[in-house]
Number of protein chains: 2
Amino acid sequence: MDKYKTEVEMLENYDANKYKTPDGYTSDIAVFTIISTEVEKHKPPVKELKLMLIQRAEKDAEGQPNVEGSKWALPGGFVQPDETAFEAASRELEEETGVTNLKIKHFGTYDKPGRDKRAWIISNAHYAIVPENQLVKRKAADDASDVQLFTLEEVSQLELAFDHEQIIADAIWIIKKDMGLTTLAKNFLPEEFVLSELQGVLLTVLDDSWIKLDSQFFRKAPSLPFIEKVMVDGELKKSNRWSKNKAQLYKFTDYEPFVSIYNANY
Amino acid sequence: MDKYKTEVEMLENYDANKYKTPDGYTSDIAVFTIISTEVEKHKPPVKELKLMLIQRAEKDAEGQPNVEGSKWALPGGFVQPDETAFEAASRELEEETGVTNLKIKHFGTYDKPGRDKRAWIISNAHYAIVPENQLVKRKAADDASDVQLFTLEEVSQLELAFDHEQIIADAIWIIKKDMGLTTLAKNFLPEEFVLSELQGVLLTVLDDSWIKLDSQFFRKAPSLPFIEKVMVDGELKKSNRWSKNKAQLYKFTDYEPFVSIYNANY
DNA sequence: ATTTTAATTAACAGTTTGTTATTTGTTAAT
DNA sequence: ATTAACAAATAACAAACTGTTAATTAAAAT
C-alpha cells in the first residue's frame with residue numbers, strides 16, 4: 001500500500017536527512033502597465049504594454065562576479081515561512097512600486113530541476129497590473145536606475161536571467177487569455193472610461209480583429225452586461241477627454257461574465 | 001537598492017541557516033472520472049462525476065496514532081529533486097491508477113503557513129481526468145480498499161485531511177470552468193461519440209441551462225467548429241449504442257476554440 | 001461661416017436564435 | 001403484421017442579432 005501514502009504519511013516516519021527538501025521558495029512578479037503617450041490634443045494617445053524588469057548587479061556584495069549578473073530579471077524574492085507565495089508577491093510588489101491594492105494573480109510554478117544552477121529553487125510566478133499613472137511617478141523618481149519598463153518588443157531583445165524568458169512568455173500568454181475572458185481590462189482603466197479607451201486597452205494587449213473593427217465593437221459594446229453608462233442626476237455623463245465630440249462614459253459593473261465555447265459566436 | 005534583489009542575488013550572500021527553507025514539496029492530484037450506470041437498454045445511462053480519494057491509516061508504521069488518521073485525502077506525494085511537481089503528479093497518478101497519457105493540469109499552489117501542523121509543506125495541486133473504463137477495472141481489482149470513488153455529494157460529507165477540502169473545492173471550480181471554456185470534455189469521452197453523450201458529460205459537470213435545453217443544444221452542436229461528423233467511405237457513420245434510432249457519431253477536431261466576453265452571447 | 005473630425009443613430013439585408021411541429025427509422029407490444 | 005411509442009433529425013418561422021454602410025449630430029479648427 002506504499003503507493004497510496006500521502007506526503008504527510010510519508011513525513012511520519014521521515015527523518016530530515018532522508019528526503020531532500022527545496023533550498024529556496026520564491027515569488028516572482030511580472031508587472032505590466034500600459035503607457036499612453038499623447039501625440040496630439042484631442043487625439044487618442046498611443047498605448048503600449050510594458051513590463052517592469054530589474055537588472056541584476058554585475059558583482060555581488062564581496063565584489064565577486066554575480067551569477068547571471070547584468071542580465072534582466074523579474075522582480076521577486078524569498079517567501080518567508082509565515083506567509084504564502086501570493087502574500088510574498090504582494091509584499092514585494094508593494095516594496096518595489098509603492099502601490100497597494102493591485103490586481104495580482106498567481107499563474108504558474110517553475111520548479112524544473114536546474115533552472116537555477118546552484119540550488120533547488122522553486123519560483124511561483126504572478127502577474128500584476130499597475131495603472132499607468134501610479135507607476136509613472138515612481139519611474140520618474142529614479143530614472144536611469146536598475147528598474148526599467150520595456151515594451152514586449154524590447155524584452156525579446158534582452159538577455160534574461162534564469163528561466164525568466166519562459167516565465168515572461170507564459171505571463172504574456174496568460175494576460176492575453178484573461179483579457180479576453182475576464183474583466184481584466186478594468187485594472188488598466190480609470191473608474192470611468194470611454195469606449196475608445198476600453199478598445200485601446202484591449203487592442204494594446206490582444207490584437208483581436210473583431211475588437212479592432214470599430215463598427216462592430218461600438219455597436220455591441222454599449223449592451224455588454226458587465227459595463228454600464230455613467231449617470232449623474234438622471235443625465236448621461238459624457239467626456240471629451242480624448243475627442244472633439246463628447247463621448248459616453250462607462251464603468252464596470254459587478255457582473256462577472258461567463259462564456260462557453262458551446263454557445264459562442266465563431 | 002536592497003529591495004530590488006531577486007531570489008538569487010539574495011542567495012549569493014546566503015548562508016543556509018539564515019533563511020528558512022520549506023520542509024517538504026509535494027504534489028496532490030484530484031482524479032476525476034465519470035461513472036455511467038446503465039439503467040435500461042437503449043437508454044442513456046445515468047452519469048455521475050466522481051473523485052478518487054484515499055483513506056489515511058489510523059496508525060503509523062510504529063503503531064502510533066497517525067496525524068489526520070482515518071480522514072480522506074487526495075492522492076499525492078513528495079516531489080523528488082530531479083523532477084518537477086507536474087512530473088511527480090504524473091508519476092504518482094500512474095502508480096495509483098496504472099493509466100498513462102492522462103490529461104493532467106496544475107491548478108494551484110497551497111502553501112498557507114500552518115496547513116500542515118507539523119512542518120512547512122507546500123502542495124502543488126493538479127487535476128486529472130480518467131476515462132471511466134480505464135479506472136473501473138482497477139477499482140474492481142481492489143474493492144473495499146483504502147482507495148474509493150466518491151460523488152461530490154458524498155465528498156462534502158467526508159472528513160478531509162489538512163486543507164484538502166479547499167483544494168477539492170477549487171478543483172471542482174476549475175474543471176467546471178475548463179469544461180465550458182476548453183475541449184476538456186474530450187477527455188471524458190471515447191474517440192467517437194454521439195451528441196447526447198457529449199451533452200451528458202457536459203451536464204454531469206456543468207449544470208448549464210443552455211446545454212440542458214435539447215432543442216438548443218442539438219440545433220447548434222452540429223456546427224460547432226471543434227467537432228466534426230465521422231465519415232467512412234463518404235458515408236456518415238452512425239451508432240445506436242444509446243438509442244433506438246441511429247445517431248450521428250462525432251469526433252473532436254484539432255481546432256482549439258477561443259472565445260471572448262466581448263463578442264459572446266448573453 | 002465653413003470644413004473637419006469623431007461619436008452616435010439609423011437603416012437594411014442576411015444570418016442565427018429560440019421554439020414548435022413534422023418526418024423518419026426503430027423497438028416493443030399487441 | 002399492425003400499431004404505439006420513442007428518439008434523432010429536419011423543417012418552419014418569427015424574433016433577435018450580425019456585419020456593413022449611410023446619415024445625423026455636435027464640437028474644433030480654420
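Lettering follows sequence order; numbering is per chain, from 1.
Listed nucleotides dA27(D), dT24(C), dA7(C) differ in distance to A247(A); the shortest reach to its side chain belongs to dA7(C). Nearest to the side chain of L213(A), among dA7(C), dT20(D), dT8(C), sits dT20(D). Set against dT24(C), dT20(C), dA6(C), the side chain of S215(B) has dT20(C) as its closest nucleotide.
For dG25(C), the paired base is dC6(D) (Watson-Crick or G-U wobble, both distances below 3.5 Å).
For Q248(B) and dG25(C), the CD to C1' distance is 15 Å, given to the nearest whole Å. Rounded to an integer number of Å, the gap from CG of N245(B) to P of dG25(C) is 9 Å. For the pair D214(B) CG and dT10(D) C1', the interatomic distance rounds to 15 Å; values are reported in whole Å. One atom, NZ of K238(B), and another, P of dA8(D), lie 12 Å apart when rounded to the nearest Å. Atom CD in E197(A) sits roughly 15 Å away from atom P in dA6(C) (whole-Å rounding). Distance L236(A) CG to dA26(D) P: 14 Å, rounded to the nearest Å. Atom P of nucleotide dG19(D) and atom CD1 of I211(A) are separated by 12 Å, given to the nearest angstrom. Between the CD atom of Q199(B) and the C1' atom of dA7(D) there is a distance of 13 Å, rounded to whole Å.
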Sub-3.5 Å pairs of nitrogen or oxygen atoms, protein against nucleotides 11-18 of chain D:
| residue | atom | partner | partner atom | Å |
| --- | --- | --- | --- | --- |
| dT18(D) | OP1 | K220(A) | NZ | 2.7 |

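Within 4.0 Å of L195(A), counting heavy atoms only, lies no atom of the nucleic acid at all.
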Checking side chain to side chain contact (heavy atoms under 4.5 Å, CB included) for the pair F107(A)/D178(A): CA distance, chi angles, key distance, verdict? CA-CA 11 Å; F107(A) 71 83; D178(A) 284 358; over 6 Å; no

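Here the straight-line distance linking atom CG of D28(A) with atom NE2 of H126(A) works out to 9.0 Å at 0.5 Å rounding. Separation of atoms CG (D208(A)) and CG (N263(B)) is listed at 6.5 Å; rounding is to 0.5 Å. Note that the CD1 atom of I211(B) and the CG atom of L198(B) stand 8.0 Å from one another [nearest 0.5 Å].
The ring of Y250(A) has its center no closer than 6.0 angstrom to the ring center of F226(A).
Side-chain N or O atoms of T33(A) include one that pairs as donor or acceptor with a backbone N or O of V130(A) at under 3.5 Å.
Nearest-nucleotide assignment on DNA chain D puts the 5′-proximal partner with L249(B), out of K246(A) and L249(B).
Heavy-atom neighbours of E87(A) CD from other residues, nucleotides or ligands within 6.0 Å: above the threshold of 12.
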